[in-house]
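As the structure lists them, so they are numbered: ligands from 1, and atoms in each ligand from 1. Side chains included, hydrogens not; waters and symmetry mates left out as well; all remaining heavy atoms used.
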Amino acid sequence: MENTQNKKRIFSGVQPSGNLTIGNYLGAIKNWTTLQDDYECLYCVVDQHAITVRQTPADLRRRTYEIMAIYIACGLDPEKNIMYVQSHVPAHTQLSWVLNCYTMFGELSRMTQFKDKSSKNADNINAGLFTYPTLMASDILLYQADLVPVGEDQRQHIELTRDIAARFNSVYGDTFKIPEPYITKGAKINSLAEPTKKMSKSDPNANAYVSLLDNKDEIIKKFRRAVTDSDAVVCRAEGKDGINNLMTIYSCFTGKTDEEIVKEFEGKGYGDFKLAVGQVCADSLAPIQEEFERLMKDKAYLEQIFKANSEKAAYLARKTLSKVYRKVGFVQI
Ligand code: TRP
């Protein structure tokens, strides 16, 4: 896929660790389906990033297939978007070695995600965890991406990516496009258990998130347990983090405005509201889950997508990598 139409290029990565949640769906994936005609998009399952913390091999493998199946089931077209797996394109790690030599120890030491993950995995503070941001910079810079849709927690990594690119460019001349973070229009969905925190697919408390693959009973149960307040009025207000979050989720699935929601639940309790949110969530996910199940039974199809799209990605990646190799003085054969 040549960038002949001068479309801007978008790159994003997702780790195959934990189950994708309605936070990933409403905050990102759903919005990506509206980008596929106007941008040239690459969506990478970053399995090499995932092993910076211990993974069960069978789970890692299954989740890699699952993410691809979920993306397709959510409406991302594998012909229009380059959806592929990081370990299938060796140029990512090849570039990351080079970029490691242009990234400072001090810079990596300041990364808040590194500090956070090393305190949570004190028995496994490995070199991969430390150089994680350089691999991420390589993912992005390899494709000369213009925009990188990420959440707030990844902003520091994008800043570092920009610094590494600018440093390399200043030594060797224009090589990398300097990417911008792309803060999507998608909603920010918080944890159901601690509604001031972002909903996370790797939260140890399964009641804190709704997985895209949870069944109807689980979904209803999780919303019933969602943390709220003692106010008992459905409306958006400061300090009502739980209800605010549920209103956002309800609004995303129904298209209703806050005023419409307030009216609908006037005189009703939180129980009714939570049930309604659970129901609309489960009903909206049902067709996605059905398509997901169908795709997961067709591994050959998914593997064909992996293969075709990794070839498209590798073609683009090779151009940047050979430019970099030439500039740093590696002999070309
Ligand atoms: N670090 C990102 C996360 O944890 C995942 C990621 C890896 C990524 N490479 C990327 C995101 C490149 C955007 C672009 O969410």
Output the list of atoms in ligand 1 that are nearer than 4.0 Å to some heavy atom of V46, sorted by atom number. 7 (C), 9 (N)
Distance only, no hydrogens: is a donor on one side chain within 3.5 Å (strictly under) of an acceptor on the other, for N100 and T103? no
At under 4.0 Å between heavy atoms, is it the side chain or the backbone of V150 that contacts ligand 1, or both, or neither? side chain
Using a 4.0 Å cut-off to any heavy atom of F11, which atoms of ligand 1 qualify? 12 (C), 14 (C)
Indicate yes or no: does an N/O atom of S12 lie under 3.5 Å from an N/O atom of ligand 1? no
Do K312 and Y84 form a cation-pi contact, if we require the NZ or CZ to be under 6.0 Å from the six-membered ring centre and within 45 degrees of the ring's axis? no
Counting distance only, does the side-chain N/O of K268 pair as donor-acceptor with the main-chain N or O of V234 below 3.5 Å? no
Quick note on ligand 1: atoms under 4.0 Å from a heavy atom of Y132 include exactly 1 (N), 2 (C), 3 (C), 4 (O), 5 (C)
Examine M296 and L76 and state if one hydrophobic cluster contains both, with Ile, Leu, Val, Met, Phe, Trp and Tyr joined whenever side-chain heavy atoms are less than 4.5 Å apart. yes
Close side-chain approach of R9 to K177, heavy-atom, < 4.5 Å: no
Answer yes or no on whether K222 is positioned over the face of Y209, meaning its NZ or CZ is under 6.0 Å from the six-membered ring centre and within 45° of the axis. yes
Numbered atoms and elements of ligand 1 in range of Q15, under 4.0 angstrom, heavy atoms: 4 (O)
Please list the nearest protein heavy atom to atom 5 (C) of ligand 1 with its residue and the distance rounded to 0.1 Å. G13 O, 3.6 Å
Which residue supplies the protein heavy atom nearest to atom 9 (N) of ligand 1, what is that atom called, and how far is it? D139 OD2, 2.7 Å
Using a 4.5 Å cut-off on heavy atoms from C-beta on, say whether the side chain of L108 contacts that of T131. yes
Can you list the atoms of ligand 1 that are under 4.0 Å from a heavy atom of V148? 13 (C), 14 (C)
Counting heavy atoms only, which part of I140 comes closer than 4.0 Å to ligand 1: side chain, backbone, both or neither? side chain
Restricting to heavy atoms, the pick from M136, Q154, H49 nearest atom 10 (C) of ligand 1 would be M136
Any side-chain donor-acceptor pair under 3.5 Å between D231 and Y270? no
